[in-house]
Amino acid sequence: IFSIVVFGSIVNECYVNKDGRDPELLCIFNENESACSYGIAVGIIAFFGCIFFFIVDLYFQQISSVKDRKRAVLLDLGFSGFLAFLWFVAFCFLANQWQRTTLTRGFAQGADAARAAITFSFFSIIVWVVLAVRALQRYRLGTDMSLFATDQFPAEPAAPYPGYPVGSGTESTETYQSPPFTETLEANPKGYQVPAY
C-alpha cells in the first residue's frame with residue numbers, strides 16, 4: 001500500500017507547471033526529473049514484488065522440494081533487504097531534493113503529494129526492514145529442517161518427536177480379508193438346512 005501511495009502521488013501530483021504560463025510539466029522535487037523517476041520506479045518494483053511474494057507465501061506449503069523452499073526463503077530475504085536499501089535511498093534522495101526546492105505558486109499545489117511521497121518512503125524503509133528480519137528468522141528456523149519438512153510437528157515445544165509406529169508384536173497369519181459390505185446376509189442360505197435337535 002505504501003508503494004502505491006508513493007508512486008501514485010508522484011505520478012498524479014508531482015509533475016506541475018512552474019508557473020501558470022509555462023505548459024511544460026516539471027518534477028516538483030527541485031525540477032529534478034531523476035528524483036521523480038526514481039520514486040516511481042522503486043514504488044512499482046515494490047508493488048510487483050509484494051504481489052509475487054504474496055503468491056509464493058500462498059503456495060509455500062505446496063512446494064515439495066526442500067531446496068525450492070530454501071530458495072524461496074532466500075529470495076524473500078534478499079529481495080526484502082534490497083528493497084529496504086532502495087527505499088532508504090529514495091527517502092534520502094526525495095527529502096534532499098525537496099529541501100532544495102523553491103516553492104512557486106505552481107509547485108505549491110503539489111507540495112502535499114511530495115510530502116506524502118517522502119513520508120511513505122520512510123515508512124517503507126521500516127516495513128521492508130521488518131520483512132527482511134522476518135525472512136531471516138524464517139531461514140534460521142529452516143536450518144533445523146522443520147520449516148522445509150513436509151510433516152507438521154506438534155505445537156508444544158516440550159512434546160517428544162513422534163517415533164516410528166510400533167505394531168502389537170504378533171503377526172497375523174490371515175492374509176486375505178474380504179472387502180467390506182459385499183457379503184449378503186440371508187436368514188436361510190440355499191442348500192443348508194438347520195438341524196433340529
Side-chain angles (χ1 to χ4, degrees), residues 1-16 25 27-29 32-98 109-159 161-162:
I1 293 175
F2 291 168
S3 63
I4 295 172
V5 171
V6 172
F7 79 79
S9 63
I10 292 174
V11 167
N12 288 332
E13 296 184 33
C14 287
Y15 285 100
V16 294
L25 295 177
C27 179
I28 198 170
F29 295 101
N32 187 349
E33 180 65 31
S34 298
C36 287
S37 298
Y38 185 78
I40 292 169
V42 173
I44 290 174
I45 290 169
F47 177 72
F48 285 117
C50 285
I51 291 173
F52 174 75
F53 283 106
F54 180 72
I55 292 170
V56 168
D57 282 343
L58 286 178
Y59 290 105
F60 188 77
Q61 293 299 325
Q62 296 176 359
I63 299 173
S64 60
S65 172
V66 173
K67 289 182 181 180
D68 290 341
R69 284 184 177 206
K70 186 175 180 180
R71 284 186 196 126
V73 172
L74 284 174
L75 184 64
D76 186 15
L77 174 64
F79 185 78
S80 298
F82 179 65
L83 232 59
F85 173 73
L86 288 181
W87 279 118
F88 176 74
V89 171
F91 170 72
C92 293
F93 189 30
L94 293 176
N96 184 6
Q97 292 301 309
W98 180 247
Q109 70 185 9
D112 290 337
R115 288 185 195 104
I118 293 169
T119 303
F120 283 96
S121 294
F122 178 74
F123 292 151
S124 295
I125 297 168
I126 297 168
V127 168
W128 284 99
V129 166
V130 168
L131 289 173
V133 168
R134 295 286 310 258
L136 181 63
Q137 289 173 345
R138 196 174 189 185
Y139 177 73
R140 287 185 178 167
L141 281 175
T143 57
D144 64 357
M145 300 308 285
S146 64
L147 173 69
F148 303 118
T150 55
D151 297 332
Q152 297 295 326
F153 296 111
E156 299 176 13
Y161 182 78

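In this text, all values refer to a predicted model and were calculated from it rather than measured experimentally. Along the sequence shown, the residues carry numbers beginning at 1.
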K.L.:
Under the 6.0 Å and 45° cation-pi test, does Arg138 pair with Phe60?
P.N.:
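Positive - Arg138 is close enough to the ring of Phe60 and near enough to its axis.
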K.L.:
Would you sort out whether Arg71 and Asp68 count as a side chain to side chain contact (heavy atoms under 4.5 Å, CB included), showing the intermediate values?
P.N.:
CA-CA 5 Å; Arg71 284 186 196 126; Asp68 290 341; 2.9 Å; yes
K.L.:
Which distance, rounded to the nearest 0.5 Å, do you find between the CD1 of Ile4 and the CD1 of Ile44?
P.N.:
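Nearest 0.5 Å value for the CD1-CD1 distance: 11.0 Å.
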K.L.:
Using side-chain heavy atoms (C-beta onward) and a distance below 4.5 Å, is Asn32 in contact with Cys27?
P.N.:
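Counting from C-beta outward, Asn32 and Cys27 never come under 4.5 Å.
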K.L.:
Quick check for you: to the nearest 0.5 Å, what is the distance between Ile28 atom CD1 and Asp112 atom CG?
P.N.:
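If I round to the nearest 0.5 Å, the distance is 9.0 Å.
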K.L.:
In terms of the angle between their ring planes, are Phe29 and Trp98 parallel, tilted or perpendicular, with boundaries placed at 30° and 60°?
P.N.:
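Because their plane-to-plane angle is over 60°, the rings of Phe29 and Trp98 count as perpendicular.
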K.L.:
Looking at every non-hydrogen atom in both residues, tell me the closest pair between Ala84 and Val129 and how far apart they are.
P.N.:
CB-CG2, 3.8 Å
K.L.:
How many angstroms lie between atom CG of Leu94 and atom CD1 of Ile10, to the nearest 0.5 angstrom?
P.N.:
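Reported to 0.5 Å precision, the distance equals 5.5 Å.
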K.L.:
When rounded to the nearest 0.5 angstrom, what is the spacing between CG in Leu77 and CZ in Arg134?
P.N.:
13.0 Å
K.L.:
So which heavy atom on Ser9 is nearest to which on Ala113, and how close?
P.N.:
OG-O, 3.6 Å
K.L.:
Does Leu75 CG have over 12 foreign heavy atoms under 6.0 Å away?
P.N.:
yes
K.L.:
Please give me the minimum heavy-atom distance between Val73 and Ala135, naming the atom from each residue.
P.N.:
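Here Val73 and Ala135 meet closest at CG1-O, 3.8 Å.
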K.L.:
Rounded to the nearest 0.5 Å, what separates atom OG1 in Thr119 from atom CZ in Arg115?
P.N.:
9.0 Å
K.L.:
The criterion is disulfide (SG to SG under 2.5 Å); which residues satisfy it with Cys50, sequence neighbours excluded?
P.N.:
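Per chain and number, Cys50 pairs via disulfide (SG to SG under 2.5 Å) with no residue.
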K.L.:
Going by side-chain hydrogen bond (donor to acceptor under 3.5 Å, both in side chains), name the pairs with one or both residues in residues 75-89, residues two or more places apart or in two chains.
P.N.:
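Sorted result for residues 75-89: Asp76-Ser80.
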K.L.:
What distance do Phe48 atom CZ and Ile45 atom CD1 have between them, rounded to the nearest 0.5 Å?
P.N.:
10.5 Å
K.L.:
So, for Phe91 and Phe88, is the gap between ring centers shorter than 6.0 Å?
P.N.:
no
K.L.:
For the residue pair Phe7 and Gly39, what are the closest heavy atoms and their distance?
P.N.:
CB-O, 4.3 Å
K.L.:
Checking Asn96 side chain against Cys92 main chain: does a donor-acceptor pair fall under 3.5 Å?
P.N.:
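A pair under 3.5 Å: no.
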K.L.:
Over 60° means perpendicular and under 30° means parallel, so tell me whether Phe53 and Phe79 are parallel, tilted or perpendicular.
P.N.:
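Geometry flag for Phe79 against Phe53: tilted rings.
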K.L.:
Return the orientation label for the Phe93 and Tyr38 ring planes: parallel under 30°, perpendicular over 60°, tilted otherwise.
P.N.:
perpendicular
K.L.:
Has the side chain of Arg69 got a donor or acceptor atom that lies under 3.5 Å from a matching backbone atom of Gln61?
P.N.:
yes
K.L.:
Any chance you could lay out the side chain to side chain contact (heavy atoms under 4.5 Å, CB included) test for Val42 and Val6, step after step, and finish with the verdict?
P.N.:
CA-CA 9 Å; Val42 173; Val6 172; over 6 Å; no
